[in-house]
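Within every chain, numbering begins at 1; the chains are lettered A, B, ... in the order of the sequence lines, protein sequences first and strands thereafter.
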2 protein chains.
Amino acid sequence: MVPRPRIKDVAEYAGVSPKTVSNVINDYEHVSERTRTAVREAIDALGYRVNLAGRQLRRGRTGMLALVVPELDVAYFAELARHVMLEADRRGGTVLIHETGGRRERELAAVSGFDAQFTDGVILSPLALLPRDLTGRDTRLPLVLLGERTAPGGADHVGIDNVLAAREATEHLLARGRRRIAVVGGALRGPQGTDRLRTHGYRAALGAAGLPFDSGLVVPVPAFHWQDGARAATELVTRRDPPDALLCLNDHLALGAVRALHERGLSVPEDLDVVGFDDIEASRFSIPTLSTVAPDKRDIARAAVHLLMDRIDRPEDGPPPVEHVAGHRLIVRESSGG
Amino acid sequence: MVPRPRIKDVAEYAGVSPKTVSNVINDYEHVSERTRTAVREAIDALGYRVNLAGRQLRRGRTGMLALVVPELDVAYFAELARHVMLEADRRGGTVLIHETGGRRERELAAVSGFDAQFTDGVILSPLALLPRDLTGRDTRLPLVLLGERTAPGGADHVGIDNVLAAREATEHLLARGRRRIAVVGGALRGPQGTDRLRTHGYRAALGAAGLPFDSGLVVPVPAFHWQDGARAATELVTRRDPPDALLCLNDHLALGAVRALHERGLSVPEDLDVVGFDDIEASRFSIPTLSTVAPDKRDIARAAVHLLMDRIDRPEDGPPPVEHVAGHRLIVRESSGG
DNA sequence: CCATGGCATTACATCGATGTAAATAGTCCG
DNA sequence: CGGACTATTTACATCGATGTAATGCCATGG
């Protein structure tokens, strides 16, 4: 087996020094046209490719970012991942994706760079992480948090205005005359995650409309999957005093709920309205199509990548953490009368 | 900013040589208990973490695998990715995911390790790759192909029996009395991809049943997304002689088709049957639930990871390419009378 | 008491690329 | 033609970890 050519081999082939080859590779300006061409030819002839390990060792950078999400098969994260990859690509970076399954220990590992050894920085979408997990973390590893404001820790944050978004969605349902709106996936206590923020927005909408708040309508779920939505919906409609609308905190929950309702002979939006969050592609093709809060994923990905790369480019002098509020809009589809 | 401690720092702190620290880290057996403990303590005290670039440079391995798929937001690939990550984890590997968007140049880059510089091997799910792209490729980079048999090239292959699977699905529809079955996403010519193999199986089923083959019912699509299924379905049912069943080559196409049919007032399975491929989670919760050919994703992922890692572990003496046929089963749900 | 051999530890070189600083080659001007 | 610069190119050290081979240590046996 022929070993991979090294920069030294190229140098010999081209009759120059290794450093000159390096200069050509890195587009150093003071290289004569003749030498440049000769080196290029040598590179082609030998099929030379930079060895990134060597480069990284020398430069101290990998050019790789870690994107750490709970689950890739939650469509929102897959869609987000693609945007992040595109953005990173545009800036010459590569993305390494990690799944945490929402487990705190894995998220912790991510922020401490344990998983991310090869990585210059991390974009993390936390689920189980506690605020205190971030205090005192090793700030040598730049970090951007997505979704939740896990508060202080010298990390930038990117997310939509969850409170406002939930409030708008709720107001939409109220405007449709719905009065008993359940929050599937909501939370009243526990860490300040998106679930709590959205529940808060929901409550604000009720308050503004002068309606009473019934904590029984806030239904936590074990995970944000189809089946969790289905179970929650089933439970809700078999109550004595069932809801007339479901505000589901993601589209999977919503679609699972719609299906469960269908199985019990209830139809959406005739009997109940359903609204989700995330605007995954499935929501545009489901029966009925799903109303949903669409976060601007492109904006989120772009902001996250840029914040991260900026911080990587300028270690030391970290400016204070940045808070980027990405756009969102409520898309009304069939599931709430659209 | 405090620089990251190096192995040398640990050595000094523990009062031993760098190599001894390395020995401890790598569980070399001949290290006295005392020394081992001292080094461990030093590591903890300093918060030392191996620098993988250095290690890789020395060892020539990264411990990372590349998983290269067309699109992560095609649920099948996201689900597959998770399984691959789990398997790799189990064997101490890390997975780097790349998207190609189905573009040939990106797939080519993948098999030549261009993207995959940091990678010991590649698992590729090709879409546009031609058989000849693999002949004469640099076999220093172990490669496992998924899905299609892109034929010779010294690469292992993992996939289901596409011909058989399509045949079974078709036979199921025939058994239901359907006679004009369209193949959405099918192909009669072009590279020997899964689409052609499945179309072949479909044809075999027709032949076995003594039914004529109508090439007009084989409908290619630009991509395998919801909207492509929707378009194809719309086009099909507005024909003079519309089909009575759709065999869609993935679940996205199928679900998009179901939606389009719904919009034209046709209901599934009363008016038409629809069957998909992949068994993505959405298919279990759609209205109607979707019949589909479920490939054993876990098996596929496991086989792919093991084949790849085995080949990485033993470079040179590559045994001949292995062909692993993963299991599959037809799951009949509401969309075809289940 | 010394040779023998196994275990524990270490010195040194090396993986491949690149920053620094110095050397060499050119160019222009007086 | 020599000096002063500038443009190119190069020598050398270094990033961090680890394989190789050598050394040191200790116990056992003759």
>> In this structure, how many angstroms lie between the P atom of D:dA17 and the CZ atom of B:Arg59, rounded?
In response: 11 Å
>> D:dT9, OP1 or OP2 - any side-chain N/O from A:Thr35 closer than 4.0 Å?
In response: yes
> Checking all strands, does A:Arg55 fall into the base, sugar-phosphate, or nothing category for heavy-atom contacts under 4.0 angstrom?
Replying inline: sugar-phosphate
> When you look at CZ of A:Arg36, are more than 12 heavy atoms from neighbouring residues, nucleotides or ligands closer to it than 6.0 Å?
Replying inline: yes
>> Heavy atoms within less than 4.0 Å of DNA chain D: which residues of residues 8-31 of chain B have one? Give them sorted by number.
In response: B:Lys19, B:Ser22, B:Asn26
> Within a strict 4.5 Å, meaning less than it, do heavy atoms of the B:Leu86 and B:Arg298 side chains meet?
Replying inline: no
> How many Å lie between CG on B:Leu52 and P on D:dC15, as a whole number?
Replying inline: 18 Å
> Should the pair B:Arg90-B:Glu87 be classified as a salt bridge under the 4.0 Å nitrogen-to-oxygen rule?
Replying inline: yes
> In whole angstroms, how far is the C1' atom of D:dC15 from the CG atom of B:Leu57?
Replying inline: 9 Å
> To the nearest Å, how far apart are A:Arg36 CZ and D:dA7 P?
Replying inline: 14 Å
> Taking only N and O in the side chain of B:Arg58, is any of them less than 4.0 Å away from OP1 or OP2 of D:dA17?
Replying inline: no
>> What verdict does the side-chain contact (heavy atoms from CB on, under 4.5 Å) test give for A:Ile97 and B:Leu72, after you've listed the backbone C-alpha separation in whole Å, the side-chain angles of each residue and the deciding distance to 0.1 Å?
In response: CA-CA 11 Å; A:Ile97 300 177; B:Leu72 215 45; 3.8 Å; yes
> Separation of A:Ile7 atom CD1 from D:dA11 atom P, in whole Å?
Replying inline: 14 Å
> Are A:Asp299 and A:Arg302 within salt-bridge range, i.e. N to O under 4.0 Å?
Replying inline: no
> Does any non-hydrogen side-chain atom of A:Ile123 lie less than 4.5 Å from one of A:Val305?
Replying inline: yes
> Under 4.5 Å between any side-chain heavy atoms of B:Val74 and B:Phe224, yes or no?
Replying inline: no
>> Counting only heavy atoms from other residues, nucleotides and ligands, does the tally under 6.0 Å from CZ of A:Arg91 exceed 12?
In response: yes
Show me the protein contacts with nucleotides 23-28 of chain C, counting only N or O atoms at under 3.5 Å.
none

> Atom CZ of B:Arg34 to atom P of C:dC7: distance rounded to whole Å?
Replying inline: 19 Å
>> Is it the case that the side chain of B:Glu107 and the backbone of B:Pro126 share a donor-acceptor pair, with hydrogens and angles ignored and the cut-off at 3.5 Å?
In response: no
